[in-house]
Visitor: 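Below are the structure tokens for one structure; questions will follow.
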Amino acid sequence: MDSAWPRRGPVVAVLVLAASLVAAPWAAHLDDGDANLYTVVARNMVEQGTWLNPSYLPDVYPEFREHLPFGLWPQVAAIRWVGEGALGPLNALWTLATVALVGWLGTRLCGARAGLLAMLVLATSETFFVYGGRPRLDPLLVLLGTLAAAPVLLDGRSLRALLLASVAGSAAALIKGPFGLLPIVAAGAARGLATRSVRPFLVGGTAAVLAALPVTGFLVWDRFAGDGTWWSGYAERQLLASAMGTRTDGKLVFWFPFRSVASRFWPGLPLVLLGAWTAVRQPRAGQEARAQEQVGLRILALFSLFVLLGLCLPARKLWNHTLVAYPGLALLAGAAAAPWVERLLQAPRRKRVAARALMGLALVVAVASMAGLGRYLAPPPCVASREFAAEFDRLAPGTRVPVVAATPAWILIAAIAAERRLAPQPVDQLSVLEGHEARLALVEERVLQTSMPAGWHEVRRARDWVLLVRDR
């Protein structure tokens with residue numbers, strides 16, 4: 001197997017392409033609910049000088065226990081030492097590191113061309129690069145989860161693989177619990193089945209158990225020696241409720257992860273299907289030289305399958321949970337496409353043309369990204385930043401702003417909190433405004449109907465929202 005990296009030019013071109021695509025959304029005003037929420041939580045941790053007691057808004061998660069605090073620590077450090085402007089580049093760094101890791105891992109398993117193509121597939125996957133440069137938990141989780149799976153995918157037998165997987169897996173588990181452990185278990189099962197060996201099963205399983213110890217220890221300590229809020233808020237109301245389906249703010253369809261990949265993992269999905277088909281085929285006579293690459297392909301196919309099946313197990317599912325499967329899917333796609341690309345580019349001239357085309361594409365995308373063309377592909381910002389911006393500009397930071405809607409407008413609430421440094425308050429009854437101390441409120445148009453709360457008057461309407469101001 002050709003384990004050497006391809007020439008430096010194509011590798012650099014893919015990394016430049018990936019960086020440009022990840023940075024392109026920064027030119028636009030994007031109302032990402034999760035990214036804005038984590039920005040506010042990390043900001044509060046900095047302002048309150050805490051590392052273990054995050055909070056969101058006075059009326060929404062004043063004790064934030066939806067996720068463990070450890071995944072927010074890099075963002076807290078970035079804000080403390082650099083400023084909030086560093087959050088995007090920090091997460092872009094995790095994303096680019098994942099692309100490079102996928103290239104290295106693909107090269108080791110299936111050859112240099114497979115590694116390069118895997119990088120290209122992952123870098124150009126829209127969901128991956130659109131969200132890869134935002135202050136979310138997913139970019140670092142995906143990097144650490146893939147890093148934890150790598151030694152088991154490559155080896156799966158040695159003490160070194162066990163130790164490396166355990167260390168990286170423990171860091172991944174401290175970010176998002178079971179989702180950080182899943183790649184290790186899937187890697188051990190995949191390599192064990194593909195090589196018909198029991199030892200990878202044992203290494204993967206043992207590494208996952210060891211990796212779970214730090215987060216388990218923290219939760220047990222909180223349960224018996226702390227205030228118990230992490231145990232009740234995270235272990236019970238997040239993990240257990242999501243697993244059992246008592247928490248329903250997500251998708252409950254069992255096969256949702258497969259449906260999410262089918263709708264989001266483009267343009268690489270056809271190559272994933274090609275890889276799955278190739279993995280189950282027997283090598284033709286005279287192809288013994290590709291036997292090792294075939295084993296690598298089967299490991300990647302099984303790895304991707306087991307990760308997706310593992311994501312099906314919790315009753316509650318969200319689309320961003322499937323991001324941990326993207327590196328494996330990209331590796332499978334790259335390994336499947338490599339023989340076809342190799343045959344297509346057998347002539348040295350074709351290789352040179354392909355390399356120059358790749359570098360040219362990277363240059364064009366880089367120029368477009370730096371020119372800010374990404375803003376033309378984004379939806380309009382929320383009403384608080386456009387139609388109602390003048391009124392919101394006059395509010396002091398920390399001001400409570402009721403947001404009256406039939407169901408909580410979480411994306412709008414997160415945008416107001418992150419961008420305006422205000423304290424939006426979800427309200428479901430218009431009558432609450434009559435005794436409220438706020439001077440400005442946002443009301444969903446269908447809630448307002450024909451009645452107007454006493455002491456308030458309408459300023460203007462925009463996109464199904466009404467801006468109300470208290471009478472003087």
Visitor: Find out whether the Lys NZ or Arg CZ of Arg134 is both under 6.0 angstrom from the six-membered ring centre of Tyr131 and within 45° of the ring's axis.
Guide: yes
Visitor: Specify whether Tyr56 and Tyr61 have parallel, tilted or perpendicular ring planes, treating 30° as the upper limit for parallel and 60° as the lower limit for perpendicular.
Guide: tilted
Visitor: Would you please test Trp231 and Glu236 for side chain to side chain donor-acceptor pair (under 3.5 Å) and show each step?
Guide: CA-CA 6 Å; Trp231 180 269; Glu236 294 181 350; 3.0 Å; yes
Visitor: Would you say Phe64 and Thr229 make side-chain contact, with heavy atoms under 4.5 Å?
Guide: no
Visitor: Salt-bridge test for Arg421 and Glu47: reply yes if a basic N is under 4.0 Å from a carboxylate O, no otherwise.
Guide: yes
Visitor: Within a reach of under 6.0 Å around CH2 of Trp255, are more than 12 heavy atoms found that belong to other residues, nucleotides or ligands?
Guide: no
Visitor: Carefully, step by step, assess Phe258 and Leu305 under the rule side-chain contact (heavy atoms from CB on, under 4.5 Å).
Guide: CA-CA 9 Å; Phe258 288 92; Leu305 176 63; 4.2 Å; yes
Visitor: Do Phe265 and Phe128 have ring centroids that are under 6.0 Å from one another?
Guide: no
Visitor: Counting only heavy atoms not in Leu309, do more than 12 sit closer than 6.0 Å to its CG atom?
Guide: yes
Visitor: Please identify each residue that fulfils salt bridge (charged side-chain N to carboxylate O under 4.0 Å, His left out) with Asp34, with sequence neighbours left out.
Guide: Arg136
Visitor: Measuring only between side-chain heavy atoms, which start at C-beta, is Cys382 closer than 4.5 Å to Ile411?
Guide: no
Visitor: Test side-chain contact (heavy atoms from CB on, under 4.5 Å) on Leu137 and Leu72; report intermediate values, then the result.
Guide: CA-CA 7 Å; Leu137 298 178; Leu72 290 164; 4.1 Å; yes
Visitor: For the backbone of Glu445 and the side chain of Asp464, can you confirm whether one donor and one acceptor N or O come within less than 3.5 Å of each other?
Guide: no
Visitor: According to side-chain contact (heavy atoms from CB on, under 4.5 Å), who are the partners of Ser431, at least two apart in sequence or on a separate chain?
Guide: Gln429
Visitor: Under the side-chain contact (heavy atoms from CB on, under 4.5 Å) rule, collect the residues that match up with Leu373, sequence neighbours excluded.
Guide: Ala368, Ala371, Tyr376
Visitor: Quick one about Thr39 and Asn36 (side-chain donor to acceptor, distance below 3.5 Å, no hydrogens or angles considered), yes or no?
Guide: no
Visitor: Ignoring hydrogens and geometry, is there a side-chain-to-backbone donor-acceptor pair from Ser263 to Arg259 under 3.5 Å?
Guide: yes
Visitor: Give, for atom CD of Gln425 and atom CD1 of Ile413, the distance between the pair rounded to the nearest 0.5 Å.
Guide: 9.0 Å
Visitor: Could you check Thr322, Val272, Leu300, Leu271 and say which one makes a side chain to side chain contact (heavy atoms under 4.5 Å, CB included) with Leu329?
Guide: Val272
Visitor: Dump the intermediate steps for salt bridge (charged side-chain N to carboxylate O under 4.0 Å, His left out) on Arg470 and Glu434, then the final yes or no.
Guide: CA-CA 9 Å; Arg470 182 180 292 278; Glu434 297 183 6; over 6 Å; no
Visitor: Using the side-chain contact (heavy atoms from CB on, under 4.5 Å) criterion, which residues pair with Ala315? Sequence neighbours excluded.
Guide: none
Visitor: Counting distance only, does the side-chain N/O of Thr95 pair as donor-acceptor with the main-chain N or O of Asn91 below 3.5 Å?
Guide: yes
Visitor: Identify the heavy atoms of Ile184 and Ala207 that sit nearest to each other, and give their distance.
Guide: CG2-CB, 3.8 Å
Visitor: Would you kindly say whether Gln238 and Arg316 are connected by a side-chain donor-acceptor distance under 3.5 Å?
Guide: yes
Visitor: Measure the spacing between CE of Met359 and CG of Leu17 and express it to the nearest 0.5 Å.
Guide: 13.0 Å
Visitor: Any carboxylate oxygen within less than 4.0 angstrom of a Lys/Arg side-chain nitrogen, looking at Arg460 and Glu387?
Guide: no
Visitor: Would a distance-only check, ignoring hydrogens and angles, find a side-chain to backbone donor-acceptor pair under 3.5 Å from Thr146 to Pro327?
Guide: no
Visitor: Could you please spell out the steps behind the side-chain contact (heavy atoms from CB on, under 4.5 Å) verdict for Asn53 and Arg65?
Guide: CA-CA 9 Å; Asn53 188 30; Arg65 300 297 185 263; 2.7 Å; yes
Visitor: Taking side chain as C-beta onward, heavy atoms only, is Leu219 less than 4.5 Å from Leu68?
Guide: yes
Visitor: Please name all residues satisfying salt bridge (charged side-chain N to carboxylate O under 4.0 Å, His left out) with Arg160, sequence neighbours left out, ordered by chain then number.
Guide: none
Visitor: Would you name the heavy atoms of Ser55 and Gln48 that are closest together and state the gap between them?
Guide: OG-NE2, 3.2 Å
Visitor: Is the number of heavy atoms from other residues, nucleotides or ligands under 6.0 Å of Glu126 CD greater than 12?
Guide: no
Visitor: Extract all donor-acceptor atom pairs below 3.5 Å that involve side chains of residues 176-183 and protein atoms in other chains or at least two apart in sequence.
Guide:
| residue | atom | partner | partner atom | Å |
| --- | --- | --- | --- | --- |
| Lys176 | NZ | Asp138 | OD1 | 3.1 |

Visitor: Applying side-chain contact (heavy atoms from CB on, under 4.5 Å), run through Leu442 and Val404 and close with a yes or a no.
Guide: CA-CA 6 Å; Leu442 278 179; Val404 188; over 6 Å; no
